[in-house]
Amino acid sequence: MAKNTTARTSGTANRRGRRHPLATVALLVIGLLSTGGAYALFTGTASAAPATVHTQASTEEGKKLFAANCATCHGLSAQGVAGVAPSLYGVGAASVDFQVGTGRMPLANQGPQAEQKPVQFTNEQIASLAQYVASLAPGPGIPSSKYLQANGNSSTGAELFRINCAMCHNVAGAGGALTEGKFAPALSGVLPQHIYEAMVTGPQNMPVFNDKNLTPTQKADIITYLKYLDKNPSPGGFDLGNLGPVAEGLFIWIFGLGAVVGVTIWIAAKAN
Amino acid sequence: MTVTETKPPVAPTATEPASTVPPSRGSRFTGAAANYIDERTSISGLVKELGRKIFPDHWSFMLGEVALYSFVVILLSGTFLTFFFQPSMASVNYAGSYPPLKGLDMSAAYSSTLNISFDIRGGLLFRQIHHWAALLFIAAIGLHMLRVYFTGAFRKPRELNWVIGFVLFVLAMAEGFTGYSLPDDLLSGNGLRIIDGLIKGIPVVGTWISYLLFGGEFPGTKVVALFYSVHILLLPAILVAALGLHLLLMVVNKHTQFAGPGRTNENVVGVPILPTFAAKAGGFFFVVFGVIVLIASLFTINPIWTYGPYDPSPVSAGTQPDWYIGFADGMLRLIPPGWEIVWLNHTWSFNIIIVILVLPLFLGLVAFYPFIEGWITGDKREHHIAERPRNAPTRTAIGAAGVTFYAVLWAAASSDLMATHFQITIEGVIHVLQALFFLGPIIAFFVTKRICLGLQKKDHEIALHGFESGRIVRLPGGEYIEVHEQLDDYERWRLVSYNEYKPVMLRPDSKGRITAGERARAALSRWFFEDRISPVTTTDIERSAGHH
Amino acid sequence: MAQHDDGGENATAGSAVVKSEPPVVSPGTAVIPSDAFENPGLPPHRLRATDLDPHKDRVAERRVYTLFFLSIVGSLFAVASYVAFPIIPGNTMSVRLNTLMLGLGIALGLLAIGIGAIYWSKNLMRGDELTESRHPIRGSAATRERAVEIFKEGNEESGFGRRTLIRNTLIGALVATPLPAVVLFRDLAPAADPVAQLEHTMWAKGTRLTHDPTGVPIKAADVTLGSVFHVIPEGLNDKADRLEEKAKAAVLLMRLLPADLHISPGRESWNYNGIVAYSKICTHVGCPVALYEQQTHHLLCPCHSSTFDVTNECEVIFGPAKRPLPQLPIAVDSEGYLVAQSDFHEPVGPSFWERT
């Protein structure tokens with residue numbers, strides 16, 4: 001962005017009632033660079049530290065944490081409260097790890113769906129909570145790490161992703177709208193473990209993809225594809241948020257046509 | 001040409017003693033070449049005719065050029081793409097170099113587009129140039145049309161050229177849509193799926209049109225080849241012909257110019273084609289080309305590799321057409337539930353019929369607007385002065401209403417993205433846009449008309465009393481006033497040189513009758529010109545001076 | 001265009017406002033005031049810095065040729081990039097680099113020419129404005145008269161107006177010639193009747209429901225509560241017209257609590273223990289309706305937002321679609337696999353004229 005600042009200072013230095021003849025061009029370059037930069041920032045894939053450590057987790061600790069943080073809605077013995085929160089019998093450790101590990105739980109406020117927030121517990125605390133909830137009734141457990149290495153078949157994964165996931169999450173995992181204010185979140189930067197757990201448990205309105213629907217290997221393939229997208233930026237340049245033709249249309253009207261109209265104004269302006 | 005001269009045509013040889021400096025080798029060569037060509041084409045006549053033709057200089061007059069130059073870029077980049085693209089839906093197994101698609105069955109069209117993107121140096125760049133240029137092409141046409149509309153540059157003698165321009169706009173959209181469909185990826189395939197559904201909803205002939213278009217049942221194996229012929233041969237041929245006619249008529253009619261001192265309806269003030277305009281316009285071509293290439297080298301457009309090959313089962317969230325088809329897609333989304341009946345043993349899909357009636361009606365109004373306004377004013381004079389939008393308040397207000405109408409439809413096509421990005425419900429977005437579909441244009445009309453009249457009033461005031469100089473003077477009586485300074489003649493001319501129309505008076509014709517047509521015209525005329533501000537005249541100034 | 005005056009070389013600036021004779025054509029409802037202002041004529045010309053200062057002129061000249069030189073550099077850079085940044089198969093970063101460098105080089109080559117030429121014309125070419133007069137677009141009276149005469153002569157010499165039979169048969173013949181072209185387009189599509197094809201899909205009694213895209217059959221026990229399965233009929237992947245069949249036969253399989261399903265009379269046996277199968281093709285314009293919300297049991301079409309309620313046999317609760325998604329009656333075969341009881345009971349996908 002060094003170009004950005006130099007162009008601006010030279011623009012002010014040469015200010016003599018009219019703009020410097022090359023100011024429009026400089027503006028064009030600045031506009032393109034800064035939007036590019038902005039998009040690079042937005043699409044950046046910063047992610048939280050991996051949460052796989054399982055030291056010192058205990059059911060006892062989990063029970064205490066549950067009573068303090070979750071029981072208000074889910075009931076003291078996690079039996080659920082009608083109209084407020086569901087029962088947690090049988091949701092399994094995977095569900096707790098996903099909901100608490102992505103910051104969706106504890107719920108901040110009632111809305112169309114649980115929003116992602118900063119994670120409120122340490123990895124040990126989450127593991128303890130998961131262990132406690134899993135001890136209540138059998139349910140899907142934390143996935144085995146061999147499915148989370150993103151070393152499967154990205155081609156199969158991409159095809160399965162398009163058929164099973166893209167209708168809500170968008171083919172590039174950019175997210176999309178659901179009914180009545182709900183939405184499918186963007187998937188870039190989500191940890192493999194959380195992707196896997198979401199498929200197994202079907203959080204909120206997401207359907208469940210059990211192991212007969214998508215086998216663990218197929219799930220690993222889907223994770224492989226998503227991680228491929230994370231690791232390989234679009235070969236065409238900045239991807240405009242992967243939002244498709246709407247973003248492209250807005251871009252050409254605002255920046256493409258904007259730049260060209262800027263040039264026409266420069267052309268038609270009388271020289272000093 | 002009959003040559004009557006007896007002496008041989010003057011060749012620029014050393015025998016010419018006229019100039020004191022002997023011509024250089026370069027200029028001798030240029031002269032000889034020019035002579036050679038002229039003796040075979042009489043091109044000197046054309047140069048004499050057009051070489052010093054005057055073009056008015058205003059930034060908004062260059063928007064059509066943007067469209068023209070984008071089109072040239074499209075032709076150049078498209079030609080490059082045809083060398084590598086295979087317009088076939090034959091099934092192949094992908095063995096190219098993009099890992100997440102390896103081993104998949106797909107059409108040759110999709111596979112060759114992937115190869116252009118991933119295996120040919122500069123292939124992706126040219127695909128992106130082609131697509132970005134197409135988006136810019138249609139956007140520039142749109143803006144150019146708005147400029148022509150809002151300055152009244154479509155009035156006599158340019159009504160026909162407006163219609164030709166409109167045809168170019170429609171052709172450009174058709175070019176865009178057929179091109180969008182060629183890669184046969186998931187996004188374009190779903191776009192075709194929507195077209196198929198839309199066509200099937202047409203009463204009587206729909207099923208058959210769809211059947212012929214897709215060469216059988218959707219998706220079939222023919223449509224890409226068919227669209228390819230249409231996209232690279234049929235439509236460009238018509239487009240180039242219409243474009244030639246558009247430019248020819250522009251030259252014949254000469255360009256309009258804005259009102260200003262020295263500029264009249266009988267002259268053109270500006271720069272000559274040779275050299276100034278040629279340098280500006282030629283240079284501008286390179287700038288437009290350069291901007292498109294710059295965008296194409298920095299920003300991804302239509303990443304077909306993420307969409308995957310077309311398959312009727314998957315779909316992506318945020319499936320939208322390119323921006324210029326958005327208004328049609330938006331209209332489809334705005335229809336409320338249940339608009340379909342079975343009547344006379346046939347299905348009447350009003351959720352589609354309404355769309356394919358309203359959109360052509362809207363486009364038809366755009367195409368025929370010059371004739372409608374011409375009929376209302378009855379003005380048969382030639383108009384070469386581009387009007388300031390405020391000086392035709394009703395026209396400007398109609399334009400604003402039209403733009404709003406289009407914008408509502410356009411916005412509706414991205415209702416899902418608006419819902420996720422502004423965290424509102426998709427149903428809420430649709431309901432608001434449904435209301436705006438009716439209210440938006442009406443509100444825009446009244447607001448714009450008031451703004452125009454307000455601006456006109458301000459102009460009127462300034463022309464009559466001058467502008468506030470910021471100088472406060474104390475009168476002998478102790479009263480403070482701000483001195484108003486009169487405009488000079490040049491400044492005032494900009495404010496007072498416009499046409500005023502008065503509403504038609506309903507009068508019986510020679511047979512003593514008032515026809516329905518006349519009644520309609522009178523009503524429209526009243527609607528158009530009831531509220532108006534007359535331009536300041538010399539009498540007004542004298543009278544105003546007398547008051548002070 | 002015929003009589004063209006010589007650019008008017010700063011001659012009659014402003015005085016071009018000749019008070020010509022009153023217009024021969026009607027101004028319509030335009031008001032032509034007698035006391036309107038006179039056009040003051042072109043304002044005096046303002047000289048540019050390059051006109052006044054020879055130093056500035058030289059600076060401008062240097063800028064222009066520097067830009068043109070820069071353009072050459074850009075184009076050569078593009079050629080060099082073509083070689084220097086090759087595409088490595090399977091490496092998308094190399095594609096990105098190739099696109100970027102080649103593009104930046106070409107863009108520089110183009111932009112520098114363009115900016116240079118414009119700068120040249122703005123600062124070094126003649127700066128004042130010239131005036132050219134316009135002439136009415138219509139031909140002069142004599143020209144028009146002659147044109148009419150030519151048509152008259154043509155008419156007389158050919159007898160076009162007189163020999164009506166010749167004229168009318170010619171018009172008839174010209175109207176008829178394009179007709180073969182209309183007929184010729186019939187063979188774009190095969191001979192078969194489209195309506196019959198639209199009314200049937202691949203599903204038949206006993207066809208197993210299989211996974212999309214693998215074609216692995218699905219057991220009823222696999223479909224747990226809250227699940228959604230994307231389904232194709234068994235054998236679809238071996239079909240020659242795979243995509244055409246898939247475009248009609250794609251199905252969505254969901255399991256709800258039987259108590260949540262509101263079943264209309266006659267359809268009681270179409271589900272299996274709360275497992276229901278519905279066509280995935282939208283009844284509006286045919287997009288795949290695949291967005292299933294497992295708690296609200298809504299199905300949303302991503303194209304035009306039509307929303308269907310699975311608990312109420314997929315009736316439309318929002319959006320432009322009218323008809324519910326057709327239901328596929330299912331059962332379980334002796335091995336526990338889900339099978340179709342029959343084809344759909346109505347045509348799937350978008351409405352069409354012949355549909356009743």
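These values consider heavy atoms only, across backbone and side chains, with no hydrogens, waters or symmetry-generated copies. Below, chain A is the first sequence line, B the second, and so on; all start at residue 1.
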### Query
Got a second to check how far B:W323's CH2 is from B:I138's CD1, nearest 0.5 Å?
6.5 Å

#### Entry: Heavy-atom proximity to chain A below 4.5 Å, by part of B:Q320
both

### Query
Angle class for the B:F277/B:F55 ring planes (parallel below 30°, perpendicular above 60°, tilted otherwise)?
parallel

Result block: side-chain N/O donor-acceptor pairs under 3.5 angstrom for residues 284-298 of chain B, not counting sequence neighbours:
unit_1	atom_1	unit_2	atom_2	d
B:S297	OG	B:V293	O	3.1
B:S297	OG	B:L294	O	2.9

#### Entry: Side chain, backbone, both or neither of B:L136 within contact of chain A (heavy atoms, under 4.5 Å)
both

### Task
Inspect the contact between B:K280 and B:D57 and indicate whether a charged nitrogen and a carboxylate oxygen are less than 4.0 angstrom apart.
yes

### Task
Kindly say whether A:G236 contributes a backbone atom to a donor-acceptor pair with the side chain of B:Q128 at under 3.5 angstrom?
yes

### Segment of B:L125 engaging chain A (4.5 angstrom heavy-atom cut-off)
neither

### Task
Describe, in one word, how the ring planes of B:F299 and A:F251 are oriented to each other, choosing from parallel (under 30°), tilted (30 to 60°) and perpendicular (over 60°).
tilted

### Task
Please confirm whether the backbone N or O of B:G176 pairs with a side-chain atom of B:Y324, one donor and one acceptor, at under 3.5 Å?
yes

### Residue among A:G176, A:C165, A:A166 with most heavy-atom pairs under 4.5 Å to chain B
A:A166

### Query
Do you know which of A:E248, A:M167, A:K182 has the most heavy-atom pairs with chain B at a distance under 4.5 angstrom?
A:E248

### Task
With sequence neighbours excluded, tell me which residues meet side-chain hydrogen bond (donor to acceptor under 3.5 Å, both in side chains) with A:H169.
none

### Under 4.5 Å from any heavy atom of chain A - which part of B:L186
side chain

### Query
What are the residues of residues 150-159 of chain A, in order of number, with any heavy atom under 4.5 angstrom from a heavy atom of chain B?
A:S154, A:S155, A:A158, A:E159

### Summary
Hits for side chain to side chain contact (heavy atoms under 4.5 Å, CB included) against A:P235, two or more places apart or cross-chain, chain-then-number order -> B:F118, B:L124, B:W305, C:T92, C:V95

#### Entry: Proximity breakdown for B:V66 and chain A, heavy-atom pairs closer than 4.5 Å
side chain

